[in-house]
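Report on the following structure.
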Amino acid sequence: MKKPIIDKAQAIEIKKTYPTPFHIYDEKGIKDNAVRLYDAFSWCDGFKEHFAVKATPNPTIMKILHSLGCGMDCSSMTELMLCEKCGIVGDDIMFTSNETPAEEYAYALRLGATITLDDITHVDFLAKIADGKMPEVVSLRYNNGKDFAINKQIMGTPQDAKYGMTREQLTQAVRKLQQLGVKRFGLHAFLASNNLGNDYYPALAGILFSTAKELHEETGADFKFVNLSGGIGIPYLPTDEMPDIYAISAGVKREYERAFDGDMKPSLRTELGRYMLGPYGNLITTVVHFKHIYKEYAGVDACAANLMRPAMYGAYHHITVLGKENAPCDHKYDVVGSLCENNDKFAVDRMLPELEIGDILAIHDAGAHGFSMGYNYNGKLRSAELLLREDGSVKLIRRAETPADYFATMVFD
Ligand SMILES: *Cc1c(COP(=O)(O)O)cnc(C)c1O
């Protein structure tokens, strides 16, 4: 059974200060999970997780992870600026973007971030911006173009994905970068997101380790790290299991020992987003209406603007009715938000306990790619983000938007 981050009594108490909908994160859950990840990879010298900022771009969350040794992975200018504001700079930042504007590379260079180039044409593009001052280390993103995806829902298959370079382009990119004075390299690939089971990282590691080794033999390039990127999944369905990070790490270690028996011993990096935060955030919302037409609808005060995944990919998010955890799930509902879009449904044909107006729902696994995908369609305002501290207290870590925020960018002549 999935356990919500807060119970009914806590939710009622929090609502007095912060009305629903809001996102709430579990500090202890986040920390324990990050510590476990580092423990699992303790065999690897210099292992580092660079949290994918886009998953949950919140300074408090980022600082918690940073205090446990994590760096960040950014994909845009404002994410770089956010890291800088959090005091996270230099090699603590991986900058992994695509179709990157020149000013973003310039900014990343200025912060001393480690840049992952998405394409061979970006070698010259970056060199022009660096103007003779290329960084010592550059990372390259590989797309092996082969069917690999275990979960195709989010990124499609590598052949269809817009990311990364071909195998031949990697060799060309390394040679060119060597001529430009780059000393060491990173190799990166992200071939599928939200992979359950324990096989994705080891399989990807096998490909990247042998590719790094080949590139080393071809060009003499020294690989400082291999970056396994994101992609470890989380159990959105109550019947799914959380991947076993120790089993995953052991699988990666086997591949590592097979590939690197000689002088080159790259360290490992990851850029997990979903795995770091997903299970440790709930969207809390209140039932405000019922409607019976051809189906039974329960209307809530959150909408897809607070959590887009169900609307965007039909993603399943488990729902707990707070205070009715042990009641039988003998009523069928579509749980819907108020957007003028018929995909604004958190759940379709979901069996739940009988709902009443005022019931508070916890929508699970909203900690990553949840709040961050929010938008203002229909004039909806982004909700607050709260942190359930280890001592049980609740801290506001982002206030809810107000109409003034919504109007701030408008021009009223
Ligand atoms: C989105 C993203 C991640 C994180 O992906 P998850 O599926 O959340 O682990 C990591 N690296 C890059 C480059 C990304 O775009």
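- Counted by atom type alone, Ser338 and Lys380 present one or more donor-acceptor pairs between their side chains at under 3.5 Å.
- Taking CZ from Phe185 and CG from Leu170, the interatomic distance works out to 11.0 Å, rounded to the nearest 0.5 Å.
- Contact detail for Ile360 and Ile12: the closest heavy-atom pair is CD1-CG1, 4.0 Å.
- Remark: Asn143 CG to Thr166 OG1 distance equals 8.5 Å, nearest 0.5 Å.
- A 6.0 Å sphere centred on CG of Asp45 holds no more than 12 heavy atoms belonging to other residues, nucleotides or ligands.
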Original post:
Is there a salt bridge (charged side-chain N to carboxylate O under 4.0 Å, His left out) between Lys2 and Asp365 once you walk through the steps?
Top reply: CA-CA 10 Å; Lys2 277 187 179 278; Asp365 302 309; 2.8 Å; yes
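- When the options Leu187, Val226, Thr171 are evaluated for a side-chain contact (heavy atoms from CB on, under 4.5 Å) with Thr211, the one that passes is Leu187.
- In this structure, Tyr333 contributes its side chain and Leu355 its backbone to a donor-acceptor pair below 3.5 Å.
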Subject >> Steps toward side-chain hydrogen bond (donor to acceptor under 3.5 Å, both in side chains) verdict (Ser393, Asp391) >> reply: CA-CA 6 Å; Ser393 64; Asp391 64 7; 2.6 Å; yes
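- Of all non-hydrogen atoms in Met276 and Asn33, the two that sit nearest each other are CA-ND2, 3.7 Å.
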**OP:** I would like to know whether Asp405 and Arg399 meet salt bridge (charged side-chain N to carboxylate O under 4.0 Å, His left out); could you show each step before the answer?
**Re:** CA-CA 11 Å; Asp405 295 311; Arg399 68 162 172 84; 2.6 Å; yes
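- Using a 4.0 Å cut-off between a side-chain N of Lys or Arg and a carboxylate O of Asp or Glu, Glu401 and Arg382 qualify as a salt bridge.
- The shortest non-hydrogen separation linking Ala302 to Asn306 is CA-OD1, 3.4 Å.
- Nearest heavy-atom pair across Leu140 and Thr116 is C-CG2, 4.0 Å.
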**OP:** Take Lys54 and Glu271, measure what salt bridge (charged side-chain N to carboxylate O under 4.0 Å, His left out) needs, and give me the verdict at the end.
**Re:** CA-CA 11 Å; Lys54 72 168 193 272; Glu271 293 170 354; over 6 Å; no
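- Considering all non-hydrogen atoms of both residues, Met242 and Pro279 come closest at CE-CG, 4.1 Å.
- The aromatic rings of His23 and Tyr25 lie parallel to each other, with less than 30° between the two planes, well short of the 60° mark.
- A salt bridge is absent between Asp118 and Lys162: the closest approach of a Lys/Arg side-chain nitrogen to an acidic carboxylate oxygen does not fall below 4.0 angstrom.
- Atom CD of Glu241 has 12 or fewer heavy atoms from other residues, nucleotides or ligands within 6.0 Å.
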**OP:** Walk me through it: do Asn195 and Tyr201 pass the test side-chain hydrogen bond (donor to acceptor under 3.5 Å, both in side chains)?
**Re:** CA-CA 9 Å; Asn195 300 285; Tyr201 256 17; over 6 Å; no
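- Ion pairing of Glu218 with Arg167 is present here, as a side-chain N (NZ or NE/NH1/NH2) and a carboxylate O approach within less than 4.0 Å.
- A donor-acceptor pair under 3.5 Å is formed between the side chain of Glu27 and the backbone N or O of Glu390.
- Looking at Lys224 and Glu136, no side-chain N of the basic residue comes within less than 4.0 Å of a carboxylate O on the acidic one, giving no salt bridge.
- The nearest pair of heavy atoms linking Leu339 to Ala305 is CD1-N, 4.1 Å.
- Rounding to the nearest 0.5 Å gives a distance of 8.5 Å between CG of Asp344 and CG of Asn378.
- Paired with Leu80 under the rule side-chain contact (heavy atoms from CB on, under 4.5 Å), one option of Val89, Ile88, Val53, Leu111 passes, and it is Leu111.
- Separation of the Tyr236 and His318 ring centroids does not fall under the 6.0 Å cut-off.
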**OP:** May I have the step-by-step check of salt bridge (charged side-chain N to carboxylate O under 4.0 Å, His left out) for Asp124 and Lys176, ending in yes or no?
**Re:** CA-CA 9 Å; Asp124 287 334; Lys176 218 162 185 177; 3.0 Å; yes
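- Relative orientation of the Tyr38 and Phe47 rings is perpendicular, given thresholds of 30° and 60° on the angle between their planes.
- Note that CG of Leu307 and CG of Leu283 are 6.0 Å apart. Values are rounded to the nearest 0.5 Å.
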